[in-house]
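A quick write-up on the structure given underneath.
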Protein chains: 2
Amino acid sequence: MTRKEQVRKKAIHLMKFHGFSGLTMRLLAKELGIEAASIYNHIKSKDELLETVCFEMAKEFEIAVLEVNDIYFNATEKLRMLITEHVRILCSDLDASTVFMHEWRYLPEGSRVQFVEKRRNYEQEIKQIIQLGIDEGDFDDIDTKYAVITILSSLNAIVEWYNPNGPLKPTEVADRLYNFIVKALMKSTQFSANYEL
Amino acid sequence: MTRKEQVRKKAIHLMKFHGFSGLTMRLLAKELGIEAASIYNHIKSKDELLETVCFEMAKEFEIAVLEVNDIYFNATEKLRMLITEHVRILCSDLDASTVFMHEWRYLPEGSRVQFVEKRRNYEQEIKQIIQLGIDEGDFDDIDTKYAVITILSSLNAIVEWYNPNGPLKPTEVADRLYNFIVKALMKSTQFSANYEL
DNA sequence: CCTACCGATCGGTAGG
DNA sequence: CCTACCGATCGGTAGG
């Protein structure tokens with residue numbers, strides 16, 4: 001790990017607890033065992049630290065969705081792999097994932113616009129997978145917008161509760177979430193309104 | 001609205017955009033048309049602003065769960081009302097709800113511990129409703145922990161996307177989310193694994 | 001609600 | 001990676 005990577009990793013770890021605004025270069029320096037001014041030999045600015053983590057994470061999700069669409073043609077299989085990949089990415093670096101989820105709001109104007117656009121594209125890709133499932137007759141004819149919101153929010157919540165030292169591996173978490181989600185999506189005729197009063 | 005309430009409301013609105021750490025008393029003062037020092041005639045400290053919004057919101061959820069358990073005895077009806085109430089509370093003040101969701105981490109040590117405990121209690125109440133549904137034979141024998149996480153994260157995501165000027169009223173949003181969630185929970189035998197490869 | 005001000009700290013630069 | 005330092009700003013207080 002280069003010195004620059006060490007600085008970034010420590011910064012992200014501290015950002016997770018203090019937030020972007022709450023992280024000071026002096027605290028970061030102290031944790032690295034150097035003076036605040038020395039940080040600027042490795043990074044350009046505090047903003048750059050945030051931009052790097054946000055766009056590196058976004059890149060991983062972009063690649064995942066490309067791979068999924070490359071490998072599978074069936075909606076349920078696409079969805080299963082995308083959920084598995086999404087969970088894997090989040091769990092592979094929980095510090096970075098948490099900062100990615102919470103702190104993108106504090107990106108400088110220009111890169112924030114870019115970031116939101118990338119996220120929108122990702123959401124659209126998922127929406128298309130769900131629409132495919134509906135068209136193929138596998139999924140219920142539900143509102144795809146709400147389905148995407150519900151799916152992504154439950155997946156992304158992983159950063160709030162997942163414990164890497166707990167009993168469940170990321171793939172096992174992905175399986176449980178997939179089962180819950182796909183059941184809500186799947187076609188069924190007898191689910192109309194027969195839950196007794 | 002008292003002057004103190006005006007100060008709080010403006011502070012919460014600004015906190016939504018800048019975060020707790022990013023909100024400065026000088027910006028708040030400017031938006032109120034007064035000097036920074038004058039704010040302290042209405043509030044005790046910046047921390048107090050955050051504590052007030054977090055605990056007022058928490059109180060609303062506490063009341064809701066008490067009412068739900070008071071009125072209904074059936075798990076599906078309890079769940080339906082609780083989801084409706086949860087969505088109603090979030091949508092009734094989106095600024096406060098957003099700050100409640102994002103900024104509780106920055107509560108001072110003591111009140112943060114209290115806050116997390118209250119949230120845990122709320123989660124436990126929902127868990128018990130789901131367990132009741134399983135015991136009554138309405139819900140699938142799923143992992144209640146994951147069900148609670150999935151339900152709450154999809155409900156709470158409302159603060160990220162709900163537009164009060166959009167076409168959907170809070171009750172309509174609640175209905176859509178309830179339908180999605182309850183279908184994932186409901187008992188079914190033919191959903192084992194028959195989604196074709 | 002104001003003026004005047006406190007000590008502390010901020011992100012960052014110059015020059016070595 | 002350091003010393004030395006910049007101008008700006010921070011949350012908050014005293015005293016009116």
Side-chain angles (χ1 to χ4, degrees), chain A residues 1-55 95-96 99 102-112 115, chain B residues 1-55 95-96 99 102-112 115:
Chain A
M1 199 159 56
T2 67
R3 198 77 179 101
K4 181 186 275 193
E5 284 166 342
Q6 284 172 32
V7 171
R8 282 179 178 167
K9 180 155 191 173
K10 185 71 82 176
I12 290 161
H13 183 69
L14 293 171
M15 236 183 255
K16 177 178 168 181
F17 296 104
H18 299 92
F20 176 71
S21 310
L23 170 64
T24 69
M25 302 312 267
R26 280 156 182 83
L27 175 63
L28 175 55
K30 198 175 167 186
E31 291 282 315
L32 288 165
I34 58 176
E35 294 299 317
S38 305
I39 294 172
Y40 292 91
N41 283 293
H42 305 102
I43 63 154
K44 221 181 65 188
S45 67
K46 194 183 167 185
D47 284 342
E48 188 208 61
L49 284 168
L50 182 60
E51 285 172 329
T52 303
V53 59
C54 287
F55 285 95
D95 284 348
V99 170
H102 293 159
E103 310 300 331
W104 63 267
R105 293 161 226 275
Y106 307 110
L107 283 168
E109 176 73 12
S111 44
R112 196 185 68 247
F115 180 88
Chain B
M1 198 158 60
T2 66
R3 198 77 179 99
K4 181 187 275 195
E5 285 167 341
Q6 285 173 32
V7 172
R8 282 178 178 168
K9 180 155 191 171
K10 185 71 82 177
I12 290 161
H13 184 69
L14 293 170
M15 237 183 253
K16 177 179 170 182
F17 295 105
H18 299 92
F20 176 72
S21 311
L23 169 64
T24 68
M25 302 312 266
R26 280 156 182 86
L27 174 62
L28 175 55
K30 199 175 168 185
E31 291 282 314
L32 288 164
I34 59 176
E35 293 299 316
S38 306
I39 294 173
Y40 292 90
N41 283 293
H42 304 103
I43 63 154
K44 221 181 65 189
S45 66
K46 193 182 167 185
D47 284 343
E48 189 209 61
L49 283 168
L50 182 59
E51 286 172 329
T52 303
V53 59
C54 286
F55 285 95
D95 284 348
V99 170
H102 293 159
E103 310 300 331
W104 63 267
R105 293 162 225 276
Y106 307 110
L107 284 168
E109 175 73 11
S111 43
R112 197 185 67 246
F115 179 88

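Predicted model only: the values in this text are computed from it and were never measured. Letters go in sequence order (proteins before strands), and every chain restarts at 1.
- Residue contacts for B/Leu23: at a heavy-atom cut-off of 4.0 Å it reaches the sugar-phosphate backbone alone, with no base atom in range.
- Take A/Ser111 and apply the side-chain contact (heavy atoms from CB on, under 4.5 Å) test, not counting sequence neighbours, and it matches A/Glu51, A/Phe55, A/Leu107, A/Pro108.
- Summarising the geometry of B/Leu28 relative to B/Val7, their closest heavy-atom pair is CD1-O, 4.1 Å, with the distance given to 0.1 Å.
- Not one side-chain nitrogen or oxygen of A/Arg26 sits closer than 4.0 Å to the OP1 or OP2 atom of C/dA8.
- One atom, CD of A/Glu35, and another, P of C/dG11, lie 15 Å apart when rounded to the nearest Å.
- Look at OH on A/Tyr40: it is 11 Å from P on C/dC10, rounded to the nearest Å.
- Note: NZ (A/Lys44) to C1' (C/dG12) measures 13 Å, nearest angstrom.
- Here B/Ala36 lies out of heavy-atom contact (under 4.0 Å) with every strand.
- Atom-to-atom, CG of A/Leu32 to C1' of D/dC1 comes out at 12 Å; the value is rounded to the nearest Å.
- At a threshold of 4.0 Å, the pair A/Arg8-A/Glu5 does not count as salt-bridged, since none of the basic side-chain nitrogens sits closer than that to a carboxylate oxygen.
- Between A/Leu27 and A/Ser38, the one whose closest nucleotide on DNA chain C sits nearer the 5' end is A/Leu27.
- Atom NZ of A/Lys46 is separated from atom P of C/dC10 by 9 Å (rounded to the nearest Å).
- Between B/Met25 atom CE and C/dC6 atom C1' there is a gap of 17 Å when expressed in whole angstrom units.
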